[in-house]
Amino acid sequence: MSDILPADVLASSGIDPHDVLTDDVARLVVHENKVLGSHLVPGLSVDVEETASGIDAAITVKAGTVVARPVHMCFGVLPEEGLQEILLRINVQDGAKVSILAHCTFPNALKVVHRMNADIHVGKNAEYAYFERHVHGDRGGVTVLPKAAVRVDEGGRFRTEFELIKGRVGRMDIDYETTCLKEAVMEMIARISGSGGDVINISESGRLAGENSRGVLKSYIAVRGHAQAHVKNTLVAEAAYARGHVDCKEIVQDDAVATAVPIVEVRNPKAFVTHEAAIGSVDSRQLETLMSRGLNEEDATELIISGLLS
Amino acid sequence: MSDAQGKGILQVKDVSLELGGKLILDRLNIDFWSGHIHAVVGQNGAGKSTLANTIMGLSGYRHHSGDIIFEGETIKGLSVDQRARRGITLAWQEPARFEGLKVSALLFAAMRGKDRDRAAGALEQVGLEPAAYLDRAADKTLSGGERKRIELASILAMRPKVVLLDEPDSGIDVDALEHIFSAMRSLKGQGTTVIVITHSPTVLKQSEHAFLICCGKLIYKGGTAEISRYFENTCGPCDHKGAPTLKELT
Ligand SMILES: Nc1ncnc2c1ncn2[C@@H]1O[C@H](COP(=O)(O)OP(=O)(O)O)[C@@H](O)[C@H]1O
Ligand SMILES: [Mg+2]
């Protein structure tokens, strides 16, 4: 696959390569198990090893470093078949700040497996924001298996957002686990649209282990056709003044199926966790409001779903 | 109605509707005239919202008897969006909340295009600062009054032929009321026929003609001054049992 250029992979994920291939934007572009390009900025180190089926990368942001512009990462498999296993070890040291914008692109997939295993450490008062957008083709031949274990130290902030609203999901199993120490804050968000025979499984769990820690788990999902979505979000508060919220909204159309199992557990009388789940068809009041402005039912439904997934 | 210039645009003809086994609209006959501000007034529970929902064709209100004629043609078999594309729209008493959608998206949807200037103009007409609202989420972070005004802005942007405004003052504080009234005049100014549903004497006074309904029946129709007098003096103390029969005030 030596004829594939970084720009090809970027472009297939909807990014304008000109926005990313500049000096002040750090980046890592990976096709299958080949690093096609990388670029660093001061304070950021990336140690990558190509493995038989993917890469093993250690990414470190040195203590106190603030990386001004989001780091771009792009993982792709452009052919119809392939296996890509990404191992990420991310260490955002004390007081450092970084955000990563990751694109995963499988535009032609018939039989592609993408596995991501991330081990993330957010240091004291450090901030790490990760946004992952998937761009899939319309044939549904992708299996996406993202797994992350995250520890957020005292006063640290962690935010992760997963978005898959373009193309067919295929099969996806998200498995994220985050532990927050004292005064740490975490937010895990997934926005996914499934159709055809897509199968979406989300399992996110948060442990609010330190005093005054805060956590929010949000899953916003729309399924139609025969797609299935199963969301199991767990939030455990173990320390005084820990606060958490689990929110799940799923819009179901056609013969699709959605389930939501929020588990909230409180192990300290001074902690407080809430949850909210709403599953069903599009809200009829919203629908009729848009239709009374002249949108047909299909367009109105699409607009409402785009709001849910935005 | 004695207005010789106005021409009929919307007729409610012998419309009756039962909800939950109860007759809520009782052989209603009302003619609305093009380009005017009409009020449909009555006490709580009179059937005003039911009438608005029936004219809009909302689900649950489609099984009425009688007919609804718009611009000379029946619209009885038409869906909500078909009626809207003919030029009829409704502002709800309690507007919907839209998770994740911006105010601008709602305005663009109503005007079937993405003209930001026109959207901004519509917000200004209801007294909302466009810069502060266009990119705001139209969700629960907006107050009820803000949602009412944004809905009215979207209707101004839509430029319908007929608008049904269901209790446009509810949830609106006194300071903002004048914006609602001026928006009603703007609608009339752009040629929209306004049908304002209200139980408020203040809102009633913004209209030119009024229809008084009680227990789903039309009791009086005529000029606003006469209806206002009757509504305040007679409906106020009345227990509205055994509604009187139609009288016409001219
Ligand atoms: N879906 C329904 N089923 C049964 N009764 C209803 C329904 N909707 C409204 N009603 C009744 O119809 C009457 C008129 O309601 P409504 O049109 O909302 O009154 P208004 O808007 O004039 O206050 C009320 O008595 C109300 O309880
Ligand atoms: Mg009402």
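So that the names make sense, note that chain A is the first sequence line, chain B the second, and so on, each numbered from 1.
Listed options M56(B), Q82(B), R112(B) were ranked by heavy-atom pairs under 4.5 angstrom with chain A; first place goes to R112(B). For the set A96(B), P95(B), G57(B), the entry with the most heavy-atom pairs within less than 4.5 Å of chain A is A96(B). Among M111(B), R83(B), E151(B), the residue with the largest count of heavy-atom pairs under 4.5 Å with chain A is E151(B).
When atom types are taken as modelled, the side chain of S310(A) and the backbone of G100(B) share a donor-acceptor pair closer than 3.5 angstrom. Counting only distance, with no hydrogens or angles, the side chain of T89(B) and the backbone of S292(A) share a donor-acceptor pair below 3.5 Å. E288(A) contributes a side-chain N or O that, together with a main-chain N or O of S59(B), makes up a donor-acceptor pair within less than 3.5 Å. Using a distance-only test at 3.5 Å, with no hydrogens or angles considered, no donor-acceptor pair links the side chain of R293(A) to the main chain of A109(B).
In terms of heavy atoms, R97(B) sits closest to Q286(A) at O-NE2, 2.6 Å.
Around atom CG of D138(A), no more than 12 heavy atoms belonging to other residues, nucleotides or ligands sit under 6.0 Å away.
With rounding to the nearest 0.5 Å, the separation of CG in D81(B) from CD in E298(A) is 11.0 Å.
The shortest side-chain heavy-atom distance between T289(A) and S154(B) does not fall under the 4.5 Å cut-off. Between L303(A) and L101(B) there is a side-chain heavy-atom pair separated by less than 4.5 Å. Using a 4.5 Å cut-off on side-chain heavy atoms (C-beta onward), F98(B) and L290(A) make contact. In this structure, I304(A) and E99(B) have side chains that are not in contact, with every pair of non-hydrogen atoms separated by 4.5 Å or more.
Only the side chain of L106(B) comes within contact range of chain A, with heavy atoms under 4.5 Å apart.
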